[in-house]
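These notes are about the structure you will find just below.
In this chain, residues are counted from 1 in sequence order. Indexing begins at 1, ligand by ligand and atom by atom, following the structure's order.
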Amino acid sequence: MTRAFIGLGTNLGERTANLKEALTRLDRQEGIRVVRVSRIYETKPVGLLEQPDFLNRCAEVETSLSPAELLAAMLRVERDLHRVRTIRWGPRTIDLDLLLMGDQVIREPSLTVPHPRMTERAFVLIPLKEIASDVVIPPTGRTVGQWAEEVPDRDHVRPISCDGQTEKNDSRRGGVIP
Ligand SMILES: Nc1ncnc2c1ncn2[C@@H]1O[C@H](COP(=O)(O)OP(=O)(O)OP(=O)(O)O)[C@@H](O)[C@H]1O
Ligand SMILES: Nc1nc2c(c(=O)[nH]1)N=C(CO)CN2
C-alpha cells in the first residue's frame, strides 16, 4: 500500500457537490481508499484571473495501484464528472492533481510527481498542510508545512467548512467523506 495525496479543485456548477462526488467516486475505484480529507477552501483563481472562485481541498488515499494506474483512475473520475477540457488553467467542474505518492519522484511526459507547481500554490499547500504538515516533498527535503509558511497569496485561501476529518477512520469504506 502506498500513501498518496490528491488535490481537488472546482469552479463550475455545484462546487461542493462536485468535490463530494469526486471523492466518493475515487473511493469506489478498485485499489483506492480515501482515508483523510482537509476542509474545503474558497480560493481566488491563479493563472487565468477572469474566472469564478474555486473550491479546493486535499485528500489522502491509500492505494495498491501504480502511479500511472492511479492517474488513470483520477482521469476516469474527472471524465465521469463531465469535465470538459477547454482553456489551460480555465474553469472546470473538477480537477484532480496527483500531488505526492510516497517518496517517489516521477518525471515523465504524462506524469510528474510531486506535482510540479504544488510548492508555489497556496490553494494546494494550505489545505494539504491540514492533513500532511510533516510530509516531506521530495526531492526538496522540506515539509508541506515549511513550504506553506512561505507561499504567497495565503490570504486568497479561506476555509468555508469545518467538516474536514483529520482523524484517520479505518472503520468503513468511505467513512471519511463528509
Ligand atoms: N501530478 C499530476 N497530476 C495530474 N495530472 C498530471 C500530473 N502530471 C502530469 N499530469 C498530466 O497533466 C494532464 C492534466 O492536465 P490539466 O489540464 O488537468 O492541467 P491543469 O490542471 O489545467 O494545470 P495544472 O497541472 O497546472 O494544475 C493529465 O492528463 C496528466 O497526464
Ligand atoms: N484557486 C485556484 N486556481 C487555479 C486552480 C485551482 O484549483 N484553484 N487550478 C488551476 C489549474 O489547475 C488554475 N488555477
Side-chain angles (χ1 to χ4, degrees), residues 2-23 25-26 29 32 34 37-61 63 65-130 132 135 137-140 144 147-148 151-161 164:
T2 310
R3 178 169 69 153
F5 292 92
I6 293 173
L8 299 93
T10 168
N11 72 342
L12 281 181
E14 292 293 326
R15 297 175 306 164
T16 309
N18 294 342
L19 293 175
K20 186 181 172 78
E21 189 62 25
L23 286 168
R25 284 171 186 256
L26 263 182
Q29 303 278 315
I32 301 178
V34 176
V37 292
S38 73
R39 288 179 293 175
I40 297 172
Y41 288 77
E42 187 148 48
T43 68
K44 295 275 168 232
V46 170
L48 183 72
L49 302 181
E50 292 301 313
Q51 59 175 324
D53 286 354
F54 280 78
L55 295 185
N56 287 104
R57 90 187 308 181
C58 289
E60 176 184 343
V61 303
T63 184
L65 304 182
S66 69
E69 290 169 334
L70 177 58
L71 179 68
M74 291 165 56
L75 293 174
R76 274 199 301 277
V77 170
E78 285 187 352
R79 189 199 58 210
D80 292 350
L81 284 173
H82 305 300
R83 168 168 170 192
V84 181
R85 282 169 198 277
T86 46
I87 322 162
R88 189 176 190 211
W89 292 335
R92 63 270 318 274
T93 48
I94 196 75
D95 182 34
L96 300 176
D97 287 331
L98 180 50
L99 302 174
L100 297 166
M101 184 136 183
D103 57 5
Q104 298 190 57
V105 177
I106 302 163
R107 300 269 178 261
E108 287 166 11
S110 59
L111 181 60
T112 305
V113 176
H115 189 282
R117 288 165 286 283
M118 69 177 288
T119 54
E120 64 207 43
R121 289 178 164 176
F123 69 78
V124 170
L125 290 171
I126 291 176
L128 186 61
K129 184 179 162 207
E130 272 182 36
V135 172
I137 302 179
T140 72
V144 169
W147 281 104
V151 73
D153 298 329
R154 285 189 297 271
D155 55 340
H156 292 178
V157 174
R158 296 175 183 280
I160 63 155
S161 73

(message) Under a 4.0 angstrom heavy-atom cut-off, which atoms of ligand 2 come close to Asn56?
(response) 1 (N), 2 (C), 6 (C), 7 (O), 8 (N)

(request) Using a strict 4.0 Å cut-off to heavy atoms of Asp95, name the atoms of ligand 2 that fall inside it. (result) 12 (O)

Do any N/O atoms on [X] end up under 3.5 angstrom from N/O atoms on ligand 2?
{"X": "Phe123", "answer": "no"}
{"X": "Asp97", "answer": "no"}
{"X": "Gln51", "answer": "no"}

Show every donor-acceptor pair shorter than 3.5 Å between a side-chain atom in residues 66-77 and any protein atom, with sequence neighbours excluded, or say none if there are none.
{"unit_1": "Ser66", "atom_1": "OG", "unit_2": "Glu69", "atom_2": "N", "d": "3.1"}
{"unit_1": "Ser66", "atom_1": "OG", "unit_2": "Glu69", "atom_2": "OE1", "d": "3.3"}
{"unit_1": "Glu69", "atom_1": "OE1", "unit_2": "Ser66", "atom_2": "N", "d": "2.8"}
{"unit_1": "Arg76", "atom_1": "NE", "unit_2": "Gln29", "atom_2": "OE1", "d": "3.3"}
{"unit_1": "Arg76", "atom_1": "NH2", "unit_2": "Gln29", "atom_2": "OE1", "d": "2.8"}

Do [X] and [Y] have side-chain heavy atoms sitting under 4.5 Å apart?
{"X": "Pro138", "Y": "Leu100", "value": "yes"}
{"X": "Thr16", "Y": "Leu55", "value": "yes"}
{"X": "Val124", "Y": "Asp97", "value": "no"}
{"X": "Lys44", "Y": "Asp153", "value": "no"}
{"X": "Lys129", "Y": "Val144", "value": "yes"}

(request) Report the part of Lys44 in contact with ligand 2, treating N, CA, C, O as backbone and CB onward as side chain, heavy atoms under 4.0 Å; options are side chain, backbone, both, neither. (result)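 Backbone only; the side chain of Lys44 stays clear of ligand 2.
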
(request) Could you tell me whether Asp53 approaches ligand 2 through its side chain, its backbone, both or neither, with non-hydrogen atoms closer than 4.0 Å? (result) neither

(message) Could you check whether any heavy atom of Gly47 sits closer than 4.0 Å to an atom of ligand 2, since that is the contact criterion I want to use?
(response) no

(request) Look at atom 28 (C) of ligand 1 and find which of Leu75, Ile106, Ile94, Asp95 reaches it with the closest heavy atom. (result) Leu75

(message) Judged on heavy-atom distance to atom 5 (N) of ligand 1, which of Leu48, Ile6, Leu71 sits nearest?
(response)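 Comparing heavy atoms across Leu48, Ile6, Leu71, the nearest one to atom 5 (N) of ligand 1 lies in Leu71.
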
(request) Give yes or no for whether the N/O distance cutoff of 3.5 Å, strictly under, is met between Arg121 and ligand 1. (result)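 Between Arg121 and ligand 1, an N or O pair is found under 3.5 Å apart.
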
(message) Using every non-hydrogen atom in the two residues, find where Pro45 and Asp53 come nearest and quote the distance to one decimal.
(response)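 That would be CD-OD1, 3.4 Å.
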
(message) Looking at every non-hydrogen atom in both residues, tell me the closest pair between Met118 and Leu125 and how far apart they are.
(response) O-CG, 3.3 Å

(request) For Asp97, take its heavy atoms, then give the atoms of ligand 1 lying under 4.0 Å from any of them. (result)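 In order of numbering, the contacting atoms are 3 (N), 4 (C), 27 (O).
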
(request) For Leu111, take its heavy atoms, then give the atoms of ligand 1 lying under 4.0 Å from any of them. (result)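 Heavy-atom distances to Leu111 below 4.0 Å select 1 (N), 2 (C), 7 (C), 8 (N), 9 (C).
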
(request) Mark yes or no for whether Thr10, through its side chain, and Thr93, through its backbone, hold a donor-acceptor pair below 3.5 Å. (result) yes

(message) Just to be sure I read this right, does ligand 1 sit under 4.0 Å from the backbone of Arg117, its side chain, both, or neither, counting only heavy atoms?
(response)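 It is the side chain that gets close, since no backbone atom is under 4.0 Å.
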
